[in-house]
Each structure stands twice: as C-alpha cells, then as structure tokens.
Q: 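Pasting a structure here, questions to come.
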Amino acid sequence: MQVLQVQLEVGADPAEVGRARRWARSRLIGSGLNDDEPLAETLILLISELVTNAVVHTGCPAVLRMLFGSGAAEAGTVRVEVADTSARPPSPRHAQGEDTNGRGLELVDGLADRWGWQPEGSGKRIWCEVDRSEQESAVEYEPPVPVRHGGLGHYAVDLSVTGRSVEPVRDRDRPPAAADGSSKAVTQA
C-alpha cells in the first residue's frame, strides 16, 4: 500500500489555524480534489477543529498531517492527524444552549467516518478518516438549514458529503463512548 503523507508544523498561536486551513486546502487541490467539493470542505472543517483543539487547549505547537492512499482500495480515504506534545487525552465536551465552545470533537464525530487518538512520544496524536466514494462525490452541497429545538437556536446541518445530519444530542441519547473517548470504530494507525 502506498500512502502520500504531507505535514505542516503549527505554532502555538491561534492565528496558525488559518494558515493550517490555507495549507491544507492547497494540498487537497494538489491531490486532485476541487476546493469547492463537499469532501474538501468537510476535510477543511475537520482540520480546523483538530488544529484549534491542539493549539487552544494545549498551548503547545502541533504537527498537522494529511495522508492520501494511492492504491485502489485506500484511494478513497483521507486521514488527518494532529500531533501535539501534551499527554492530556482529548476530552469531548457537550456544549449547552448558546455556548460558543465545546462542539469541536462533536463535529469531528459527526463528520468523520472514524476518529480516535493514541499516545505519540511524550504527547498524543488525534486522527480522523473520511471515506470518499463515487456516490458521495456526486452529491451536491446544500447549505445548512436552521432548525429550532426546544426554543434554543440550534442548527441541524445537512452533511451532504456523508448523508448524515448533526443535531444537538442530549447525553441520555448518546451511546456510551469507547475507552479512548471516541464513539465510532477505532482502528490502529
């Protein structure tokens, strides 16, 4: 199996998140994805969330990696990894009502096909994977539609790339998380 890996060192400054997005967008275009393709937009959002979490919650520099498979079976998967020097595991939070923070890993869980984390050196690596299929690449993007839930201004987002919706989920409705904090199948890197 051949894998193309590209990486970017990200400083411990929140302004670096924008630089990481621009860099990732150029690498996605270089890999053959159109920058307005729904898969590319999903990957940019995932990268933005993971890099933001690394920079804001650890205060440490990080390394962003994107891995593209080149064989027939793995060509449809893009893997994003963010490694930092903090040994503290990711801690998914559940934002309430009008909270402006606490939705990052919830978005990752809703958008990625798989995600997880593992120790790396003295720190950790958080990763996610998005599968691309012929059917998904043919779906047209539709903008989010506001939905009111219990009088609060929550939004349900139509994720045309995956055909799933992300809506606020009450803790009692959430399946138990795996030991590593993810709620999806986790595979070893």
Side-chain angles (χ1 to χ4, degrees), residues 1-11 13-56 61-84 90 103-118 120 124-145 155-167 182-189:
M1 168 172 86
Q2 290 184 331
V3 175
L4 170 64
Q5 175 179 312
V6 293
Q7 71 179 39
L8 172 71
E9 292 185 21
V10 179
D13 177 359
E16 288 282 276
V17 177
R19 185 173 74 91
R21 278 193 302 265
R22 289 187 298 276
W23 176 85
R25 188 173 302 280
S26 72
R27 295 316 176 268
L28 290 170
I29 292 169
S31 76
L33 285 174
N34 293 322
D35 66 338
D36 62 347
E37 190 173 333
L39 176 63
E41 293 300 323
T42 298
L43 288 164
I44 295 299
L45 179 56
L46 289 166
I47 287 164
S48 184
E49 292 300 330
L50 292 178
V51 171
T52 298
N53 284 350
V55 170
V56 171
V63 175
L64 165 62
R65 296 182 193 109
M66 295 188 338
L67 296 90
F68 304 90
S70 61
E74 58 278 347
T77 298
V78 179
R79 182 177 176 109
V80 173
E81 300 178 349
V82 176
D84 61 53
R103 291 182 174 83
L105 289 177
E106 201 169 344
L107 280 171
V108 171
D109 185 58
L111 292 170
D113 292 302
R114 288 163 301 286
W115 78 276
W117 73 278
Q118 54 206 125
E120 180 173 285
K124 67 182 169 303
R125 173 177 27 160
I126 301 176
W127 59 268
C128 65
E129 295 179 338
V130 177
D131 297 329
R132 179 180 181 188
S133 70
E134 292 299 319
Q135 179 182 8
E136 290 171 345
S137 63
V139 176
E140 295 222 5
Y141 172 76
E142 294 182 27
V145 178
Y155 288 84
V157 179
D158 176 15
L159 304 175
S160 298
V161 170
T162 61
R164 296 175 285 196
S165 292
V166 173
E167 294 189 35
S182 71
S183 62
K184 295 194 178 183
V186 176
T187 58
Q188 290 297 320

Q: Taking all non-hydrogen atoms of both residues into account, name the closest pair between L39 and V130 and its distance.
A: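 The answer is CD1-CG1, 3.2 Å.
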Q: List in chain and number order the residues that pass side-chain hydrogen bond (donor to acceptor under 3.5 Å, both in side chains) with T52, two or more places apart in sequence or in another chain; answer none if no residue qualifies.
A: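 side-chain hydrogen bond (donor to acceptor under 3.5 Å, both in side chains) list for T52, sorted by chain: empty.
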Q: Could you check W127 against R114 for side-chain contact (heavy atoms from CB on, under 4.5 Å), going step by step and ending with a plain yes or no?
A: CA-CA 8 Å; W127 59 268; R114 288 163 301 286; 3.9 Å; yes
Q: How close do I44 and A24 get, heavy atom to heavy atom, and via which atoms?
A: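 What the structure gives for the nearest pair is CD1-CB, 3.9 Å.
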Q: CD of Q7 to CZ of R27: how many Å apart, nearest 0.5 Å?
A: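 If we round to the nearest 0.5 Å, Q7:CD and R27:CZ are 11.5 Å apart.
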Q: Of all residues at least two apart in sequence or in a different chain, which pass the salt bridge (charged side-chain N to carboxylate O under 4.0 Å, His left out) check with R22?
A: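 R22: no salt bridge (charged side-chain N to carboxylate O under 4.0 Å, His left out) contacts found.
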Q: Mind checking side-chain hydrogen bond (donor to acceptor under 3.5 Å, both in side chains) for E9 and listing every partner two or more places apart, or none if nothing turns up?
A: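 Applying side-chain hydrogen bond (donor to acceptor under 3.5 Å, both in side chains) to E9 gives none.
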Q: Got V108 and N53 here, is their nearest side-chain heavy-atom distance under 4.5 Å?
A: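 Result no, sub-4.5 Å side-chain heavy-atom pair not found.
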Q: Run the numbers on E129 and L67 for side-chain contact (heavy atoms from CB on, under 4.5 Å), then give the verdict.
A: CA-CA 9 Å; E129 295 179 338; L67 296 90; over 6 Å; no
Q: Quick one: side-chain hydrogen bond (donor to acceptor under 3.5 Å, both in side chains) partners of R25, sequence neighbours excluded?
A: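 For R25 the side-chain hydrogen bond (donor to acceptor under 3.5 Å, both in side chains) partners, ignoring immediate neighbours, are E41.
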Q: Mind checking the CH2-CG spacing from W117 to D84? Nearest 0.5 Å is all I need.
A: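 Going from CH2 on W117 over to CG on D84, the span is 10.5 Å.
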Q: Kindly indicate whether the side chain of L28, heavy atoms from C-beta on, has any atom under 4.5 Å from the side chain of F68.
A: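 Of all side-chain heavy-atom pairs linking F68 with L28, at least one is under 4.5 Å.
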Q: For the atom pair CG (L50) and SG (C128), what is the distance rounded to the nearest 0.5 Å?
A: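 So the gap between those two atoms works out to 5.0 Å.
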Q: To the nearest 0.5 angstrom, please state how far the CZ atom of R79 sits from the CG atom of D113.
A: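 Here the rounded value is 12.5 Å.
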Q: Which value, rounded to the nearest 0.5 Å, describes the distance between E49 atom CD and D109 atom CG?
A: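 The distance works out to 12.5 Å.
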Q: Test of understanding: with side-chain contact (heavy atoms from CB on, under 4.5 Å), list the residues that count as partners of V51, not counting sequence neighbours.
A: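 So V51 forms a side-chain contact (heavy atoms from CB on, under 4.5 Å) with V10, V17, A20, I47, V55, L64, V82.
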Q: Working to the nearest 0.5 angstrom, can you tell me the gap between R65 CZ and Q5 CD?
A: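 Spacing of CZ (R65) from CD (Q5) equals 6.0 Å.
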Q: Applying side-chain contact (heavy atoms from CB on, under 4.5 Å), can you list everything that pairs with S26, at least two apart in sequence or on another chain?
A: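 side-chain contact (heavy atoms from CB on, under 4.5 Å) list for S26, sorted by chain: empty.
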Q: Within the 4.5 Å heavy-atom criterion, are E16 and P61 side-chain neighbours or not?
A: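 Heavy-atom side-chain distance check fails, nothing below 4.5 Å.
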